[in-house]
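One structure is given here, and the rest of the page talks about it.
The model shown is predicted, which means the values in this text are computed figures rather than measured ones. Atoms within a ligand are numbered from 1 in the order they appear, just like the ligands themselves.
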Amino acid sequence: MAGRLANRVVVAVTGASGIQYAQRLLNALATAAIETHVVFSDAAFAVWRAELDVPCNPEKPDLAAFAGVKGKFTLHRNTQIGASIASGSFRHRGMVICPCTMATLGRIASGAGDGLIERAVEVTLKERRKLLIVPRETPYSLIALRNLVTLTEAGATVIDANPGFYSRPKTVQDMIDFVVARVLDHLDIEHELGKRWGER
Ligand SMILES: Cc1cc2nc3c(=O)[nH]c(=O)nc-3n(C[C@H](O)[C@H](O)[C@H](O)COP(=O)(O)O)c2cc1C
C-alpha cells in the first residue's frame, strides 16, 4: 500500500462502555498523521456524556477536544449514507469499530442496519479490507458469541476490550493503551503505546 491509501483509517464509535478506547485510538491515529474518518452512533454520544468530562455536542462534536489533539479527522454522520466511506471506491487501510456494542455487532453480522456504520462495514468486508472489532460486554450471550464467529469467518478480527497484565499496568490509561496498541498493530501503524513483552 502506498500514498494516501496507507494513511487512511475509518473509525466507528458505538454506544458501548469504554469510549476512552476510541478517544485514545483517535489520539494515536492523529499522532501518526493518519487521515481518520469518524462516525459516531447516536448511543455513542450518550456514553460520551456518561463516561467523559469532555463537553459533548452531538450536533457538532469537537473531535480535537475528544481526541486531545488536532488530527486529520473527517466526521461523517451515521445518517449520511452517501458519505465517501459508503463506497468501495474509497480505499483505506482498515475500519475499526471501537468500542462495538452488541447491537451493532448483531446488525453487522446479519448484514442488516441502515446507517453509515453498517454500510461502511459491509463495504469493508466486500472489498476484503481489514475490519477490526473491539466488542465490550460481559458476559457474552450465545447470540453475541455467534455473531463474533460469523464476523471472524467473514474476515474481521476481534480485538476484545480486554487488557493483559503482563505489562504491569500502573494506571487506567496503561490498560486502555494495551488494547489500543493491539488495534494499531493490526493496522500496521507504528506507535509507542506501552511496552511489548520482552521489552521490560
Ligand atoms: C452508559 C452506557 C453504557 C453502555 N454500555 C454498553 C456496553 O458495554 N455494551 C453494549 O453492547 N451496550 C452498551 N450500552 C447499550 C447500547 O448503547 C445500546 O444497546 C444502543 O442501542 C446501542 O446502539 P449502537 O449499537 O447504535 O451504538 C450502553 C449504554 C449506555 C447508555
Ligand 1 N/O within reach of Ala16 N/O, cut-off under 3.5 Å
no
To check your reading of the model: name the closest protein heavy atom to atom 20 (C) of ligand 1, its residue, and the distance in Å.
Ala43 CB, 3.7 Å
With a 4.0 Å cut-off, strictly under, does atom 18 (C) of ligand 1 pick up any protein heavy atom?
no
Atom 26 (O) of ligand 1: which protein heavy atom is closest, and how many Å away?
Arg107 NH2, 2.9 Å
Please say whether the positively charged group of Arg49, taken as NZ for Lys or CZ for Arg, lies over the ring of Phe45, i.e. under 6.0 angstrom from the six-membered ring centre and within 45 degrees of the axis.
no
Nearest-neighbour protein heavy atom for atom 30 (C) of ligand 1, which is reported as residue plus atom name and distance:
Val47 CG2, 3.8 Å
Between Arg119 (side chain) and Ala86 (backbone), is there a donor-acceptor pair under 3.5 Å?
yes
Does Glu51 reach ligand 1, in the sense of a heavy atom lying below 4.0 Å from it?
no
Numbered in order shown, the ligand 1 atoms found under 4.0 Å of a heavy atom of Met102 are 10 (C), 11 (O)
Heavy-atom nearest pair, Leu193 first then Ala28, reads CD1-CB, 4.3 Å
For the pair Glu35 and Lys72, find out whether any cationic side-chain nitrogen is under 4.0 Å from an anionic carboxylate oxygen.
no
Does atom CZ of Arg146 have more than 12 heavy-atom neighbours, drawn from other residues, nucleotides or ligands, at distances under 6.0 Å?
no
Would you say Asn27's side chain and Ala67's backbone share a donor-acceptor pair under 3.5 angstrom?
yes
Please check whether Ser41 reaches ligand 1 - meaning an N/O of the residue sits under 3.5 Å from an N/O of the ligand, judged on distance alone.
yes
Out of Ala44, Ser141, Ala12, Ala50, who is nearest to atom 1 (C) of ligand 1 when you count heavy atoms only?
Ala50
Quick check for you: to the nearest 0.5 Å, what is the distance between Arg91 atom CZ and Glu127 atom CD?
10.0 Å
For the 3.5 Å polar cut-off, considering only N or O atoms, please tell me whether Arg136 and ligand 1 meet it.
yes
Taking only non-hydrogen atoms of Thr104 and a 4.0 Å limit, the atoms of ligand 1 in range are 24 (P), 25 (O), 26 (O)
Just wondering, more than 12 heavy atoms not from Asp62 lying within 6.0 Å of its CG?
yes
Within ligand 1, which atoms have a heavy atom of Glu137 less than 4.0 Å away?
9 (N), 10 (C), 11 (O)
Separation between CG of Leu187 and CG of Leu132, rounded to the nearest 0.5 Å:
5.0 Å
re atom 16 (C) of ligand 1, the protein heavy-atom contact at minimum distance is Gly15 O, 3.3 Å
Show which atoms of ligand 1 fall inside a sub-4.0 Å distance from at least one heavy-atom site of Thr14.
27 (O)
Quick check for you: to the nearest 0.5 Å, what is the distance between Leu25 atom CG and Asp177 atom CG?
11.0 Å
In ligand 1, the atoms that come under 4.0 Å of a heavy atom of Ala103 are 22 (C), 25 (O)
Tell me, which protein residue and heavy-atom name are nearest atom 5 (N) of ligand 1, and how many Å apart are they?
Ser17 N, 3.1 Å
